[in-house]
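Sequence lines set the chain letters: A, B, ... in the order given, protein chains first and strands last, and positions in each chain run from 1.
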There are 2 protein chains.
Amino acid sequence: MKIHVLFALALIGAAPAPKPASAPIPSPGEIVAAAPASDWSAIAPSDVLVMDLAPDVKGKPRRVVIQLMPPPFSQGWIGNIRNLAAAHWWDGTSVNRVQDNYVVQWGDVTEKKALPVGLVTVGEREYMVTGGDIKADHLISMSPAVIPSLPKQSSTKAKLAMISQKPDSYAQMTATFNGWPMAADRDSVWPVHCYGMVGVGRNLSPDTGTGAELYTVIGHAPRHLDRNIALVGRVIEGIEHLSSLPRGTGALGFYETAEERVPILSARLGNEIKDLPAFQYLSTESNSFAKYDEARANRRDPFFIKPAGGADICNIPVPVRRVP
Amino acid sequence: MKIHVLFALALIGAAPAPKPASAPIPSPGEIVAAAPASDWSAIAPSDVLVMDLAPDVKGKPRRVVIQLMPPPFSQGWIGNIRNLAAAHWWDGTSVNRVQDNYVVQWGDVTEKKALPVGLVTVGEREYMVTGGDIKADHLISMSPAVIPSLPKQSSTKAKLAMISQKPDSYAQMTATFNGWPMAADRDSVWPVHCYGMVGVGRNLSPDTGTGAELYTVIGHAPRHLDRNIALVGRVIEGIEHLSSLPRGTGALGFYETAEERVPILSARLGNEIKDLPAFQYLSTESNSFAKYDEARANRRDPFFIKPAGGADICNIPVPVRRVP
C-alpha cells in the first residue's frame, strides 16, 4: 500500500525535463533572479519576530529576523510568542546553547523568569494538522488526489508544488505548501525540520513547551524531530549570527560559563520595528518556483555533469529576499 | 522497475522493531556508549590529514583532523593529497571561503603557488566506482542481492548495514559501507555529501581538481554534488573550528579581505604528528551499528513520542571517537 502511494507521488511530482537546447540552462539562482514580481508574496511585518543580539566583538549589530508560520500550523505556540514579544520577555535573556550540526537555542537560562499571563498550554496533537482540522482555504495548493481523505476543493488554480521527484526518507510525501516545507501522510500534514527552521524547546513529553525557549537548526535537517517538537517559524535573515557562534562545550552544546552566552537585547514583532525592510518569499505555487524546484533536483547548469534526478525537501529551500 | 528496487530495499533494509518492554529503551548515544571494544575499528594515523589553523583570537589552538577515504574510492585524488601533505604544500595557505549552510573551503587563494611534481590528473568517472572496478574485498559488507551486477561473494559474514528503511531522495539505495556513507544503483557506488565530508574543489567540468583545493560541508547535505565532485574524506575532529568561522560576505561566501582569511599553519599525514590520539569508528558491519542505525531511524528514548520510521543516510552519522 505504501508503495502505491509512493508510485502515485512519483507520477505527480515528476516535473517534465526540459528538452536539450544549445542555450545555457539557467541555474536555480538564475531562475529565482528572473522571477517576475508577481511570483513573490509579501511577508507581513506583524508575522516576523526581530531579535537583536548584543553586537559582536567588533561592535557590529547582530539582527536575526524570524518569519512566524501561518495558520493552521502551530498557532497556539505562535500566540504565546506574540504575547512574549509584546511583554518584552526575551529582553535580557540569552543564547545559551550552540551544538554543532544541530541547533542554537535561546531563552531564560535561569528558568526562573516569570512568564507573562495568558500563555496557553498546547497539546502534542498540535504538532501536526489532521484532515478534519484543515480548512479548504489552507489547502488551496494541495491536490485532493494526493491526500484523498482531506476535503476536496474545486479551485482550478490549485497547483501542487510537490517536491518528491524521489521519495522522502521520513514521510509518505513532502511538499512546499503556502511557502513552507511540509510532510504529509493520508491523514495529516506537518512542518519539517530544515536548516533555519525555528522550534519550541521543551522538556520530556507530554510537556510541549510554551514558546519562551526557542531553537533554530544549524546543521543537517534533524527530521527525527518532526512531529516531536513544535515548529513555529524560520530564520529569514541573519542566521549567520547564530550559526557561526562558538560551539558550547557542555553537554548538548550548552555554554558552560555566563561569559559565553550571547545577550539578547530585544525581541519584537516586526510591526513594532522602525524601518524594518520589507521581505517576500517566492510563492511556492508560482511557475517560477516550479522551475526552481525542478532545477534544484536536476542541476544542469555548466558546473554539473550528473543531475541527481531528485532532492529532499530541505535541499530546496524557499527563496526569501528583501523587496528590491 | 524503480519501484521494485525500492520495494526490495524496504524488505532488506527494515531492521526488526524491538518488542515493547518496560525497561527504558536506549537512545542511539547509549547504544554507541555500550558498544564492546570489538565493534570499533581503528583508523590508521597514515590515513588521516591533520590540519592546524592559526590559533583563535584567544590564542587557543585549532586542529582539524580529516580521515581519508579507503579504497576503492577516490584514490587518485587521495594520492595527490598525500603528495601535497608530504610537500608541506598547504603550509601558509588559508581558509578562504565560508558559505552559510554549505561549505568551508581552503587552499591557495592566489591560485599561483606551484604544485608538487607527481600529481595525477583524475577523470570524472572516478567520482564513482562501477561494478567492474569493485574488488570483492572491498564489498565484504555489500549483499549481491542488493547490487546484482556486482561480483558475487561467498563470505557468509557479509552483512549489509543498509539504512534505507525509507527510500532515499537521490539514489536507488544508500548504505554505510566500510564505515562510510554511500549511495548506489545497480551499476555503481559513490560516496555522498553528508555534513563534515571533505571534497575536492574544481572549476568547470571536465576539470576534476587536484586535491590542493579542499572543502567540507557545514550545512544540510548538498547531495546534488554527489557524482559531480570528488569526495576524499571527512572531518573526524575539530569541525567546529571550520563551521563556526565568520561567514564570508563575497560571492559564494568567499572572504573579501586578507584579514578575514584563516591561515593554515600546517597540514600533515597523521603518522608525521607526534602524540596524535588514536581514533576509531564504530564498525558499520557490527551489531552495535545495526542497533544504532535502527534507533536513529526510530527514536523511542523518552523524549520522543513519534518515531520517524526512517532516516536519510546523512542523519545516521558513523560514530567516531578517540580510543578510550
TODO: Pick whichever of Ser205(A), Pro307(A), Ser243(A) has the most heavy-atom pairs under 4.5 Å with chain B.
DONE: Ser243(A)

With a 4.5 angstrom heavy-atom cut-off, which part of [X] approaches chain B: side chain, backbone, both or neither?
| X | answer |
| --- | --- |
| Arg299(A) | side chain |
| Leu245(A) | backbone |
| Pro317(A) | neither |
| Asn203(A) | backbone |
| Phe304(A) | both |

Open item on the list: On a heavy-atom basis, which atom in His224(B) and which in Asn315(A) lie closest, and how many Å separate them?
Closed with: ND1-ND2, 3.1 Å

Open item on the list: Heavy-atom pairs under 4.5 Å with chain A - which of Gly196(B), Cys314(B), Cys194(B) has more of them than the others?
Closed with: Cys314(B)

Task: Short side-chain to backbone donor-acceptor contact, Asn228(B) and Ile305(A), under 3.5 Å - done: yes

Open item on the list: Using the salt bridge (Lys or Arg N to Asp or Glu O under 4.0 Å) criterion, which residues pair with Arg247(A)? Sequence neighbours excluded.
Closed with: Asp100(A)

- [ ] Evaluate the side-chain proximity of Asp312(A) to His220(B): yes if any heavy-atom separation is below 4.5 Å, no if none is.
- [x] yes

Open item on the list: The criterion is side chain to side chain contact (heavy atoms under 4.5 Å, CB included); which residues satisfy it with Ala33(A), sequence neighbours excluded?
Closed with: none

Listing, residues 249-258 of chain B side-chain donor-acceptor contacts under 3.5 Å, not counting sequence neighbours, or none:
residue   : atom : partner   : partner atom : Å
Thr249(B) : OG1  : Glu256(B) : OE1          : 2.5
Tyr255(B) : OH   : Pro246(B) : O            : 2.6
Thr257(B) : OG1  : Glu260(B) : OE1          : 2.9

Open item on the list: Heavy atom to heavy atom, less than 4.5 Å: which residues from residues 59-67 of chain A reach chain B?
Closed with: none

TODO: Could you look at Phe303(B) and say if it's the side chain, the backbone, both or neither that has a heavy atom under 4.5 Å from chain A?
DONE: both

